[in-house]
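Notes follow once the structure below has been shown.
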Protein chains: 2
Amino acid sequence: MGLREPLAQIAAECSLPKALEAMGERWSFLILRAAFNGLKHFEEIQSNLGIARNILANRLGRLVDVGILDRQPCPEDRRKIEYRLTEKGVDLLPTMIALRQWGEKWETGCPSNPVLVDKRDLEPVADVRVFSHDGRALEWEDLSFHWREELEARAAE
Amino acid sequence: MGLREPLAQIAAECSLPKALEAMGERWSFLILRAAFNGLKHFEEIQSNLGIARNILANRLGRLVDVGILDRQPCPEDRRKIEYRLTEKGVDLLPTMIALRQWGEKWETGCPSNPVLVDKRDLEPVADVRVFSHDGRALEWEDLSFHWREELEARAAE
DNA sequence: CGGTATCCACATGGATACTG
DNA sequence: CAGTATCCATGTGGATACCG
């Protein structure tokens with residue numbers, strides 16, 4: 001099954017729709033970015049993004065519901081609320097960085113600021129890309145979609 | 001500037017909002033997936049996604065406008081229209097695969113089908129992640145956001 | 001501080017019918 | 001085949017006021 005031959009029926013078991021259920025709304029990625037940048041409080045995020053309060057409340061609630069953010073009283077001031085990334089939330093970093101890098105390359109044409117760097121040497125991270133199981137960088141031409149069943153049948157031979 | 005210390009002002013030059021302008025709508029990623037899966041024609045995409053015709057027309061138009069898809073008469077039948085990924089569109093693959101893998105891990109809990117494989121050995125590609133400039137796989141703890149100016153000042157010392 | 005409540009505008013989305 | 005046109009429902013988003 002080649003990559004450029006259309007699939008008769010696709011998407012039957014693709015996780016993308018499910019992922020988009022959680023992250024598909026316009027503000028979700030921006031709220032997530034705020035979280036990655038260390039913003040934890042409602043007012044902080046609201047003033048930084050300029051998002052309407054009711055929408056922010058709604059989105060934060062949804063992100064908490066799906067387990068991307070965690071809502072806790074602030075340790076140093078129990079009256080305040082703190083939103084933190086869960087492990088599931090942190091796991092969205094490659095997606096977010098990939099999209100940001102794409103925007104840098106094709107939309108703005110210039111590097112974003114602040115930069116995501118490796119703490120060890122303060123060097124900017126590499127472009128996010130697709131690698132083979134043994135670490136070779138792959139181009140679109142090197143890739144193909146295959147049905148799992150077909151691969152298993154082939155492996156069984 | 002540590003990763004867990006909040007940034008006073010963020011997002012001033014981040015390309016993410018611009019990227020989301022192009023890809024932020026619910027259907028955009030799914031239409032893109034259809035394109036990656038080799039679907040080229042309006043009716044094909046419409047029946048595969050179950051999207052309303054007017055919305056699909058609108059989204060296809062927008063994706064063409066921003067240069068992610070290219071709209072051409074079909075080579076073998078000039079009466080038909082064909083949508084193909086541009087280079088800019090293909091460049092969204094890491095983002096899409098990263099999001100799909102995240103969904104597999106956290107939302108559906110099972111691998112998607114069809115699988116993206118390396119043509120050479122038909123092995124599924126590796127999980128998309130963030131690497132350092134010299135190819136070390138980085139965890140969230142290894143990362144930090146820094147202002148470009150600060151990095152340049154430091155380098156000049 | 002971290003929300004709700006309200007109100008309103010517009011965008012998104014779906015269904016269906018029609019067209020070149 | 002690849003859309004438009006139309007209609008309608010709901011969702012998203014913004015502004016503002018209010019609240020515990």
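Here is how names work: the chains are called A, B, and so on, in the same order as the sequence lines, proteins then strands, and each is numbered from 1.
- Closest to the side chain of A:F42, from the set D:dT12, C:dG3, D:dC1, is C:dG3.
- The distance from atom CG of A:L56 to atom P of C:dG2 is 10 Å, rounded to the nearest whole Å.
- For B:E43, the side-chain atoms get nearest to D:dC1 when compared with the rest of C:dG13, D:dC1, D:dT12.
- B:E104 and B:S112 are linked by a side-chain donor-acceptor pair at a separation below 3.5 angstrom, with hydrogens and angles left out of the test.
- No contact: B:Q46 has no heavy atom under 4.0 Å from any strand.
- A sub-4.0 Å separation between OP1 or OP2 of D:dT12 and a side-chain N or O of A:R62 is present.
- In this structure, B:Y83 reaches the D:dG3 phosphate: one of its side-chain N or O atoms is under 4.0 Å from OP1 or OP2.
- A donor and an acceptor atom, one from each side chain of B:W106 and A:D91, are located under 3.5 Å apart.
- In terms of phosphate contacts, B:W27 brings a side-chain nitrogen or oxygen within less than 4.0 Å of OP1 or OP2 of C:dG13.
- Proximity of a side-chain donor or acceptor of B:Q46 to a complementary backbone N or O of B:I51 within less than 3.5 Å is detected.
- Summarising the geometry of A:R78 relative to A:P75, their closest heavy-atom pair is CD-O, 4.3 Å, with the distance given to 0.1 Å.
- Contact annotation: A:R71 reaches the phosphate of C:dG3 (side-chain N/O to OP1 or OP2, under 4.0 Å).
- When the P atom of C:dT4 is taken as reference, atom CD1 of A:I81 falls 11 Å away, rounded to whole Å.
- At the phosphate of D:dC1, neither OP1 nor OP2 sits under 4.0 Å from any side-chain N or O atom of B:H41.
- One atom, CG of B:L20, and another, P of D:dT12, lie 16 Å apart when rounded to the nearest Å.
- No engagement by A:R78 is indicated, since no non-hydrogen atom pair under 4.0 Å with the nucleic acid exists.
- As judged by a 4.0 angstrom heavy-atom cut-off over every strand, A:I55 is placed among the base-contacting residues.
- Minimum atom distance to the side chain of A:K80 is reached by C:dC1, of the listed C:dA15, D:dT12, C:dC1.
- If you find the closest nucleotide of DNA chain C to B:G50 and to A:A57, the one lying nearer the 5' end belongs to A:A57.
- Here D:dC1 presents its C1' atom at 13 Å from CD of B:E82, a figure rounded to the nearest Å.
- The aromatic ring centres of B:F131 and A:F131 sit less than 6.0 Å apart.
- Side chain B:N54 to base C:dG13: no donor-acceptor pair is found below 3.5 Å.
- In this structure, the CD1 atom of A:I31 is 12 Å from the P atom of D:dT12, given to the nearest Å.
- Look at CD on A:E25: it is 7 Å from P on D:dG13, rounded to the nearest Å.
- At distances below 3.5 Å, not a single donor-acceptor pair connects side-chain atoms of A:S15 with backbone N or O atoms of A:K18.
- If you find the closest nucleotide of DNA chain D to A:I51 and to B:N58, the one lying nearer the 5' end belongs to B:N58.
- With rounding to whole Å, B:Q72 atom CD is found 14 Å from D:dA2 atom P.
- One interatomic measurement links the two molecules: CG of B:L49 to P of C:dG14, which rounds to 10 Å at whole-angstrom precision.
- B:R53 comes within contact range of at least one nucleobase, with a heavy-atom separation under 4.0 Å.
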